[in-house]
Amino acid sequence: MQLKTLKPYKPSGKLSVSKLIWLPLVSVLGGATIGGIVHFISLLVYLVILFPLAIGFTGGLVTAFGVRLGKVRNPAVAMLFALLTGLTIYGTMNVLAYSRFKQTVAREIEETTGEPFTQGEVNEFIEVFLQEQVSDSGIVGYLKFRAKEGIGFRRRGASFNIGTTGTWIYWAIELALIEAMIVFLASSSARNCFCEQCEQWYDRQRIGSIQPHSSENFLSLLEGGQFNEAGKLVDPSQAVVVSGLELKQENCLSCQDNDVFLNIETAY
């Protein structure tokens with residue numbers, strides 16, 4: 001390992017205008033797809049906290065893919081579309097839930113009266129019902145009605161309802177968890193090394209590891225500019241250390257003009 005200087009990588013903040021369209025497409029289409037899948041899974045099972053984290057992680061991977069595809073080197077832009085992905089996911093889940101609510105109401109009306117009704121008549125009935133219950137209609141009225149009914153949980157044989165205020169708070173926390181995960185992964189992707197000359201992302205290759213007992217010394221040598229001494233502590237073997245540091249080299253494969261960066265990760 002040969003280093004001449006040590007400086008952190010900073011993304012340029014630039015955008016590839018011709019490829020930028022990929023990010024909104026991935027955010028909207030990917031978000032809608034994830035939201036649809038989660039909705040249908042939730043009809044069978046939905047795990048509090050675990051599912052929002054899984055949704056956020058999946059949405060983050062999708063948005064990060066859009067960032068790389070669109071060659072977005074601006075973390076702020078990546079975060080903006082990450083928020084769009086999260087809102088699309090959550091919005092799709094609620095729109096589909098509202099649609100299922102209308103189907104359920106239509107079926108119950110027909111079973112009760114024994115007479116068929118048109119979808120328009122059912123929709124009108126639902127709108128009037130929501131107006132009477134929560135003084136609003138459409139998807140907003142549906143959400144208010146769901147909040148009024150509250151969310152029920154069961155634990156150790158006992159069930160409880162968190163009420164209207166608790167339901168709004170729960171939804172806010174759930175959405176915040178999803179958005180935080182997506183924003184983190186998308187913005188991290190936009191901060192990856194990029195060759196402005198070749199218009200491509202850097203390649204990352206493992207170059208070795210630092211044993212746990214040498215980690216602090218290695219970092220101290222790097223900070224002190226003693227790169228040759230630090231290089232002597234690198235173990236180039238292919239075995240990944242259980243703890244310690246993993247070293248990866250990032251560089252452009254198409255040219256040799258740009259800086260080479262050293263990526264240091266903690267191994268667990």
Is there a donor-acceptor pair under 3.5 Å between the side chain of [X] and the backbone N or O of [Y]?
| X | Y | result |
| --- | --- | --- |
| S187 | P75 | no |
| E265 | L247 | no |
| N74 | G13 | yes |
| E121 | T118 | yes |
| T167 | I151 | yes |
| S16 | S18 | no |
| S99 | L96 | no |

When you measure from the centre of the six-membered ring of Y98, is the NZ or CZ of K102 under 6.0 Å away and within 45° of the axis? yes
Would you call [X] and [Y] a side-chain contact if the rule is heavy atoms closer than 4.5 Å?
| X | Y | result |
| --- | --- | --- |
| F65 | W22 | no |
| N217 | I210 | no |
| R68 | W201 | yes |
| V140 | L130 | no |
| L69 | L23 | no |
| L175 | L87 | yes |
| T85 | I178 | no |
| K144 | W168 | yes |

Gap between atom [atom2] of [Y] and atom [atom1] of [X] - 0.5 Å precision:
| X | Y | atom1 | atom2 | value |
| --- | --- | --- | --- | --- |
| F51 | S42 | CZ | OG | 8.0 Å |
| I109 | I126 | CD1 | CD1 | 6.5 Å |
| C195 | N251 | SG | CG | 10.0 Å |
| E179 | L83 | CD | CG | 5.0 Å |
| Y90 | I55 | OH | CD1 | 8.0 Å |
| E174 | L53 | CD | CG | 10.0 Å |

Please verify the inter-ring angle class for F145 with F101; under 30° counts as parallel, over 60° as perpendicular, anything in between as tilted. tilted
Test item: side-chain donor near acceptor, [X] and [Y], under 3.5 Å:
| X | Y | value |
| --- | --- | --- |
| N192 | R73 | no |
| T63 | S27 | no |
| Y9 | E250 | no |
| K248 | Q205 | no |

Does a sphere of radius 6.0 Å around [atom1] in [X] hold more than 12 heavy atoms from other residues, nucleotides or ligands, not counting ones at 6.0 Å or beyond?
| X | atom1 | value |
| --- | --- | --- |
| Y170 | OH | yes |
| F125 | CZ | no |
| E124 | CD | no |

Contact summary for L29 and T33, nearest pair of heavy atoms: O-OG1, 2.8 Å
In short, E246 meets R206 closest at the heavy-atom pair OE1-NE, 2.5 Å
List the steps and the verdict of side chain to side chain donor-acceptor pair (under 3.5 Å) for R146 and N94. CA-CA 11 Å; R146 279 184 61 194; N94 283 293; 3.2 Å; yes
Salt bridge check: are E196 and K71 linked by an N-O gap of less than 4.0 Å? no
